[in-house]
A.B. asks: 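Encoded as structure tokens, here's the structure I'll be asking about.
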Amino acid sequence: MGELFKNTETMMMIAVMVQLIVFIAMMVDLASGMYKAWFRKEKWKSDYLKRTGFKFVLYEGALLIATCVDLLVHFSKLYQWWGWDLVYGLPMITLGVGVFWCVVEFLSVREKADEKIHSEIARAERLAKQVLSREEMVDILAEAMRKSVLDGKTKETI
């Protein structure tokens, strides 16, 4: 019986570390979203926090299932049967799922940064439209061109 549970402590410690790392990645994504909302002077909505709760259940639940599968693979000694002695005792499926979720969170944080840049550009465009309408801009440019032509003629005649 002792042989069956050999290396399971190490597997469980690694699985817990993977779950903690994914949780930290989720919190970084949440903080990034909250900062973006603060920067854009938006109110924090409970819907966004609720989505983080659902995401937590999804991510950590998937990691828990992956850990259970890893334990079953470990108990069945499949890695040893396949000749993969090097990975025996490692929660390979949990590690793979953890890497996937961390990549998803990294991309999410990066998208939030891109959204912030695009929203600032859109905000500048809206402000420019508020300041001057298209007709006013055309009139101002036409007047500036007339003045430069008149200034050019007077300089040429002098």
Side-chain angles (χ1 to χ4, degrees), residues 1-138 140-141:
M1 189 63 136
E3 183 67 29
L4 182 66
F5 292 106
K6 185 178 179 185
N7 295 331
T8 55
E9 298 90 13
T10 305
M11 283 182 64
M12 294 308 291
M13 286 190 338
I14 293 171
V16 167
M17 288 303 296
V18 169
Q19 290 179 350
L20 182 63
I21 290 169
V22 169
F23 178 75
I24 290 169
M26 286 174 42
M27 293 301 105
V28 168
D29 181 42
L30 176 64
S32 171
M34 291 174 81
Y35 174 75
K36 182 187 84 168
W38 173 81
F39 186 77
R40 294 171 61 185
K41 299 193 180 11
E42 296 175 352
K43 290 185 178 180
W44 294 342
K45 297 179 182 173
S46 64
D47 292 340
Y48 299 144
L49 298 174
K50 194 184 313 179
R51 267 195 304 191
T52 300
F54 289 133
K55 188 168 48 170
F56 173 78
V57 170
L58 174 70
Y59 287 16
E60 297 297 331
L63 284 170
L64 185 61
I65 291 169
T67 302
C68 291
V69 170
D70 277 325
L71 282 171
L72 291 174
V73 168
H74 178 76
F75 292 151
S76 66
K77 299 186 184 273
L78 281 178
Y79 290 143
Q80 289 179 328
W81 287 355
W82 294 336
W84 297 357
D85 292 332
L86 187 63
V87 295
Y88 181 73
L90 291 175
M92 296 303 292
I93 297 169
T94 304
L95 289 168
V97 172
V99 167
F100 174 76
W101 288 134
C102 284
V103 168
V104 167
E105 290 302 304
F106 170 76
L107 294 175
S108 177
V109 169
R110 202 172 110 212
E111 285 171 2
K112 283 181 177 61
D114 290 343
E115 281 179 26
K116 186 168 40 173
I117 292 169
H118 293 302
S119 68
E120 288 303 309
I121 291 171
R123 193 169 114 194
E125 287 175 355
R126 282 193 309 273
L127 285 173
K129 286 179 183 177
Q130 288 175 352
V131 172
L132 296 175
S133 69
R134 184 173 286 189
E135 293 80 22
E136 290 172 326
M137 290 174 69
V138 169
I140 291 170
L141 287 173

A.B. asks: As an exercise, state the distance from CG of Leu63 to SG of Cys68, rounded to the nearest 0.5 Å.
C.D. replies: 11.0 Å
A.B. asks: Less than 4.5 Å apart, side chain to side chain, heavy atoms only: is that true for Met11 and Thr67?
C.D. replies: no
A.B. asks: State the CE-CG distance between Met12 and Asp70, to the nearest 0.5 angstrom.
C.D. replies: 10.0 Å
A.B. asks: For Glu105 and Val28, run side-chain contact (heavy atoms from CB on, under 4.5 Å): C-alpha distance rounded to whole Å, both residues' side-chain angles, the deciding distance at 0.1 Å, then the answer.
C.D. replies: CA-CA 8 Å; Glu105 290 302 304; Val28 168; over 6 Å; no
A.B. asks: Per the side chain to side chain contact (heavy atoms under 4.5 Å, CB included) rule, which among Val57, Leu30, Asp29 passes with Thr52?
C.D. replies: Leu30
A.B. asks: If you look at every heavy atom in Cys102 and Ala25, which pair is closest and at what distance?
C.D. replies: SG-CB, 4.3 Å
A.B. asks: Can Ile14 and Leu95 be said to form a side-chain contact (heavy atoms from CB on, under 4.5 Å), step by step?
C.D. replies: CA-CA 8 Å; Ile14 293 171; Leu95 289 168; 4.0 Å; yes
A.B. asks: Which distance, rounded to the nearest 0.5 Å, do you find between the CE of Met27 and the OG of Ser32?
C.D. replies: 12.5 Å
A.B. asks: Using 30° and 60° as the class boundaries, would you call the ring planes of Tyr59 and Trp101 parallel, tilted or perpendicular?
C.D. replies: parallel
A.B. asks: Could you tell me whether the side chain of Gln19 reaches within less than 4.5 Å of the side chain of Thr94, counting heavy atoms only?
C.D. replies: no
